[in-house]
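See structure below.
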Amino acid sequence: MRHTGGYRVALATAVGAILAFLAFLVARPAGDATIRFVANLSTGVAPMVAAVCCARAAARAAGRTRRAWALLAGSAASWGIGQAIWFWYEQVAHWELPFPSLADLGYLGAIPLAVLAMLAFPGRAERLAVQVRSLLDGGIVAASLLYVSWGFVLGPVFRGAEGGLLEQAIALAYPAGDIVLATIVLLVVGKSRRGPVPVVLLGVALLSLTVADTGFAYLTQQGTYYSGMPVDAGWFAGYALIAAAALRPAGEATDATAAGVTWVDRGQALLPYLPLGLAVVASIVLQLRRQAGDWFLYWSFAALVVLVIGRQLLAVLDNQALNRRLQALVAQLEHQAFHDGLTGLANRVLFHDRVRHALSRRDRAGHPIGLLFIDLDDFKRVNDGLGHDAGDELLVAVAHRLQACVRPEDTVARLGGDEFAILLDRAETPEVAAAAARRVLDGLRTPFTLRGSQVPVSASVGVALGAESELDDLLREADIAMYMAKAHGKARFELAAGEAPVAARAGTPPSG
């Protein structure tokens, strides 16, 4: 808790410093030279502090997380070196910074290192369809940002760039690198889960850097940028937040609570639509300015349309697959709710429901039904002698034999323990029900093989016919008849009181 408290203090300090720095740049309480000095110094110190904090986080971490923090430390140090060169030219030597210069090497070197760092942070495992969707999302984000950037920054920079091919390439490398970084950040944040790395905070920090870079490129192209403008707060904010994120205790999960996971999932689903909306708005603005005739804008927007169609098609196919899985799951849950988990037979709930429906049909059409209650004799001896696993094997084997003794339209159920029941869909006479009971007793006559031993099994069966219209009455009659069979010597069946007498009520005694 002490470490967590320290991290929260560091994060609050970083946010306070960002707000104070932004207020300083907006209010401009001092002369231009002082503001320029403070801005250059602050934007040089912040990445160096972030580099040190990330290096310490790498030393505490392991595996991919260690590599990610080390890359992020290198990225911050690279940008800090570039800013140090800028500071020396502008504040110490008072020279105009040449273009290109070693400062550009430091600034541009920070971008691929930051991209590799974000990709190195561990994410969640995903299905192939989700991975394809992530690729399409990345394409949509990149194409949207490229469209917007080309319309307002990249295009004017490309058309207005002076000098040779190297100068033009470096001028385009800044906004192009920012597009790649923003795309990777959005994808990684969209896939983030609960973990020891505050990926969302890092994403906000890196997006702050890309916004500052884009603003710098635009203002420079317009010829209006100078050190100490409010856009400089984006670089300071980015590295201040990176430094705070690196102070997160290594063992503490951060990025998702139960509600946070839902937020992340929704955010990933909506991920490409914000930059897509920006591209649509940019297209409208460019049309109004009569700047939409650029061939690059045309083809990038066409590619964007193709990517969006592909993503929507994938979403439809994925939803169809999800519906099929849900239907299979519902069918499985329904089966589990109405069937015995051990034997696969109908359970008590399903059996009672079918008896109730059979009674309803009997009332309408006059078709009588029969009910057999079956209780294995001396089942406890099997559990005590061979163990409960052997007892379960015996119950499964008994279930298979009972199903072989009845017609397809009849229902065999396990009511619990060693108690079974059979619903005879049609039992016109007591003799029909008695014949079914005899088949059950004869079906159990052959001993069962359990754990290499021959185990004889018998059962007591109670038989009731659908003379009563109430479910509970019919079940009670069959239950009483089953107990009468046990009382009369077991391994036999008995008809419920009131039924016509039937000969040979006892089954053939089990052998062995």
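Only heavy atoms go into these numbers, but all of them, side chains included; no hydrogens, no water, no symmetry mates.
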Hey, could you give me the [atom1]/[atom2] distance between [X] and [Y], rounded to the nearest 0.5 Å?
X      : Y      : atom1 : atom2 : answer
Glu393 : Phe448 : CD    : CZ    : 12.0 Å
Asn40  : Gln83  : CG    : CD    : 5.5 Å
Leu247 : Ile242 : CG    : CD1   : 12.0 Å
Leu41  : Phe236 : CG    : CZ    : 10.0 Å
Arg356 : Phe351 : CZ    : CZ    : 11.5 Å
Leu394 : Arg451 : CG    : CZ    : 11.0 Å

For Leu345 and Gln403, what are the C-alpha separation, side-chain angles and deciding distance, and is it a side chain to side chain contact (heavy atoms under 4.5 Å, CB included)? CA-CA 9 Å; Leu345 297 176; Gln403 287 179 304; 3.4 Å; yes

Is the CZ atom of Phe338 crowded by more than 12 outside heavy atoms at less than 6.0 Å?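 Check fails, neighbour count at 12 or below.
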
Exam field: side chain [X] to backbone [Y], donor-acceptor pair closer than 3.5 Å:
X      : Y      : answer
Ser42  : Val38  : yes
Asp104 : Ser101 : yes
His339 : His335 : yes
Asp318 : Leu314 : no
Ser208 : Ala237 : no
Ser75  : Ala110 : yes

Search all heavy atoms of [X] against all heavy atoms of [Y] and return the closest pair with its distance.
X      : Y      : answer
Ser78  : Gly106 : OG-O, 2.6 Å
Ala243 : Cys53  : O-CB, 3.8 Å
Leu450 : Ala390 : CD1-O, 3.9 Å
Asn347 : Ala337 : ND2-O, 2.9 Å
Ser283 : Phe301 : CB-CE1, 4.2 Å
Ala279 : Leu304 : CB-CD2, 3.9 Å

Would you check if [X] and [Y] make a side-chain contact, meaning some heavy-atom pair closer than 4.5 Å?
X      : Y      : answer
Ser144 : Leu278 : no
Arg354 : Leu350 : yes
Val115 : Leu71  : no
Leu72  : Leu113 : no
Tyr147 : Leu286 : yes
Leu206 : Leu209 : yes

Could you go through the side chain to side chain contact (heavy atoms under 4.5 Å, CB included) check for Met229 and Leu25 one step at a time? CA-CA 6 Å; Met229 295 188 71; Leu25 296 180; over 6 Å; no

Geometric class of the Phe216/Trp86 ring pair [parallel <30°, tilted 30-60°, perpendicular >60°]: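 Perpendicular, since the angle between the ring planes exceeds 60°.
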
Does the plane of the ring in Trp79 sit parallel, tilted or perpendicular to the ring in Trp235? Use 30° and 60° as the thresholds.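 The rings of Trp79 and Trp235 sit tilted, inter-plane angle from 30° to 60°.
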
Is a donor from one side chain sitting under 3.5 angstrom from an acceptor on the other, for Asp213 and Thr210?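 Short answer, no.
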
If you measure only the distance, is there a donor-acceptor pair under 3.5 Å linking the side chains of Asp232 and Tyr226?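 There is no such pair (donor and acceptor under 3.5 Å, judged by atom type) between the side chains of Asp232 and Tyr226.
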
For a side chain to side chain contact (heavy atoms under 4.5 Å, CB included) check, start with the C-alpha distance between Asp353 and Val349, then their side-chain angles and the critical distance, and finish with the verdict. CA-CA 6 Å; Asp353 183 68; Val349 174; 5.7 Å; no

Note: Arg414-Asp418 ion pair, threshold 4.0 Å (strictly below):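 Looking at Asp418 together with Arg414, the answer is no, because their closest N to O distance does not fall below 4.0 Å.
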
Please name the residue in the list Gln91, Glu90, Arg36 that meets the side chain to side chain donor-acceptor pair (under 3.5 Å) test with Ser227.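 Exactly one pass, corresponding to Glu90.
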
Among Leu395, Asp340, Leu415, whose side-chain contact (heavy atoms from CB on, under 4.5 Å) with Phe420 holds?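 The single option meeting the side-chain contact (heavy atoms from CB on, under 4.5 Å) with Phe420 is Leu395.
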
Test Leu105 against Ile81 for side chain to side chain contact (heavy atoms under 4.5 Å, CB included), laying out the working first. CA-CA 9 Å; Leu105 184 62; Ile81 292 171; over 6 Å; no

